[in-house]
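The structure appears below as structure tokens.
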2 protein chains.
Amino acid sequence: MCGSHHHRSHREHCGRTRRASSFLEAWLLLLLKDDAAHGYELLDRLRQNLTGGLCPDPGTVYRNLRRMEEEGLVASTWELRDAGPPRRLYRLTEQGEELLQAWAAHVEECRAGLDRFLEVYHQMNRSADEE
Amino acid sequence: MCGSHHHRSHREHCGRTRRASSFLEAWLLLLLKDDAAHGYELLDRLRQNLTGGLCPDPGTVYRNLRRMEEEGLVASTWELRDAGPPRRLYRLTEQGEELLQAWAAHVEECRAGLDRFLEVYHQMNRSADEE
DNA sequence: TGCTGATAGGTGCATAGTACACTTAGGAGG
DNA sequence: CCTCCTAAGTGTACTATGCACCTATCAGCA
């Protein structure tokens with residue numbers, strides 16, 4: 001479970017330690033599977049997709065993309081344009097696609113955990129009402 | 001939204017910053033709503049409830065409980081027994097119960113986010129199959 | 001020419017939260 | 001006496017993030 005190439009020490013979620021929290025990496029892989037894009041655009045797409053309009057700041061997104069490239073999950077090329085500053089265009093690699101699959105499995109697990117929480121929570125409220 | 005007493009700076013999830021990741025605080029509040037308990041027992045109950053048997057280590061749980069007491073979410077009393085070492089028995093406070101409600105709302109939001117992720121993911125795979 | 005604003009991609013620093021290893025302590029059983 | 005189980009911690013290193021800030025390109029405009 002959770003594609004486990006280049007193994008790291010301790011508690012892993014999809015090959016990383018605490019990367020699991022915001023699912024930023026997962027979203028980036030997903031968005032890039034849909035279509036190659038540059039960081040600024042991904043930031044926009046994240047804002048549309050992330051719940052509550054809450055979104056990691058630009059620095060975090062750019063840093064994550066650079067790291068993911070180092071790890072071979074994405075690849076980038078500079079796109080020089082007439083209009084506007086050059087962009088770093090990212091695309092998903094095969095490794096990235098594999099990891100995305102692992103992420104999907106992990107996300108399902110997490111959702112099951114949240115379901116469990118809500119189930120217990122609501123059941124508790126129901127039995128409190130009956131008293 | 002998200003019970004906002006003693007307000008803190010920046011991006012808050014239920015009054016805390018990155019506390020949202022593992023939902024440890026939420027689970028502790030939930031388990032303590034069910035019944036008062038000491039840390040060691042909560043650790044056990046967490047192992048049963050957390051997905052994949054993955055569970056924060058004892059140090060993390062104890063530290064979180066102490067912090068939560070400082071913040072007035074839980075209250076503790078020492079329970080001296082004939083058999084075994086003394087235990088710190090925690091119970092939920094009213095403030096804690098209020099925050100639990102906020103957490104439940106937040107958890108539902110997060111689940112919706114994961115649903116959205118999986119929806120996009122599966123839809124992408126479906127359309128890839130059709131090609 | 002100079003200014004502002006949008007686009008684009010970053011860096012530096014402080015802070016939060018956790019994992020891992022370790023410690024303390026009581027009591028039970030050999 | 002030694003070991004194990006219960007119970008509650010502490011110390012330290014490390015990761016990931018938020019916030020503030022910087023650089024650069026180009027467009028529009030006075």
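Proteins get letters first, then strands, A, B, ... in listed order; numbering begins at 1 in each. Bear in mind that the values here come from a model prediction, so they are computed numbers and not experimental data.
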**Asked** Should N49(B) and L31(B) be marked as a side chain to side chain contact (heavy atoms under 4.5 Å, CB included) after you check the CA-CA gap, both sets of side-chain angles, and the distance that decides it?
**Response** CA-CA 10 Å; N49(B) 282 288; L31(B) 294 175; 3.9 Å; yes
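- Applying the 6.0 Å contact sphere to CD of Q123(B) captures no more than 12 heavy atoms from other residues, nucleotides or ligands.
- A straight line from OH of Y62(B) to P of dA25(C) spans 16 Å, rounded to a whole angstrom.
- Atom CG of D44(A) is separated from atom C1' of dG9(C) by 15 Å (rounded to the nearest Å).
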**Request:** For the pair R91(A) and V74(A), evaluate side chain to side chain contact (heavy atoms under 4.5 Å, CB included) and give the outcome as yes or no after the intermediate values.
**Result:** CA-CA 6 Å; R91(A) 63 172 186 76; V74(A) 297; over 6 Å; no
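- Both T60(A) and R81(A) sit near DNA chain C, but only R81(A) has its closest nucleotide nearer the 5' end.
- The CH2-C1' distance, from W78(A) to dT7(C), rounds to 13 Å in whole Å.
- Within the 4.0 Å cut-off from OP1 or OP2 of dG17(C), not a single side-chain nitrogen or oxygen of R67(B) is found.
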**Message:** Is there a salt bridge (Lys or Arg N to Asp or Glu O under 4.0 Å) between K33(B) and E97(B)? Walk through the geometry before answering.
**Reply:** CA-CA 7 Å; K33(B) 192 190 178 183; E97(B) 196 143 355; 3.7 Å; yes
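- OP1 or OP2 of dG10(C) sits under 4.0 Å from a side-chain N or O of R66(A).
- With dA8(C), dC13(C), dA19(C) as the choices, the nucleotide that has an atom nearest any side-chain atom of R63(A) turns out to be dC13(C).
- With respect to the salt-bridge test (charged N to carboxylate O, under 4.0 angstrom), the residues E25(B) and R67(B) qualify.
- Distance, E70(B) CD to dA16(C) C1': 15 Å, rounded to whole Å.
- Toward the 5' end of DNA chain D, the nearer of the two residues G84(A) and G59(B), judged by each one's closest nucleotide, is G59(B).
- In terms of position along DNA chain D, the nucleotide closest to P85(B) lies nearer the 5' end than the nucleotide closest to the other residue of the pair P58(B) and P85(B).
- Distance from the side chain of H38(A) is smallest for dG9(C) among the nucleotides dA7(D), dG9(C), dA28(C).
- Straight-line distance from the CD atom of E25(B) to the P atom of dT18(C): 9 Å, rounded to whole Å.
- Look at OH on Y40(B): it is 15 Å from C1' on dT24(C), rounded to the nearest Å.
- For P56(B), the listed nucleotide lying nearest its side chain is dA19(C); candidates were dA28(C), dT25(D), dA19(C).
- In terms of phosphate contacts, R87(B) brings a side-chain nitrogen or oxygen within less than 4.0 Å of OP1 or OP2 of dA7(D).
- For the pair L28(B) CG and dG17(C) C1', the interatomic distance rounds to 14 Å; values are reported in whole Å.
- Residue N64(A) has its side chain nearest to dT17(D) when only dC19(D), dT17(D), dG10(C) are considered.
- We find that CD of E79(A) is positioned 13 Å from C1' of dT7(C), with the value rounded to whole Å.
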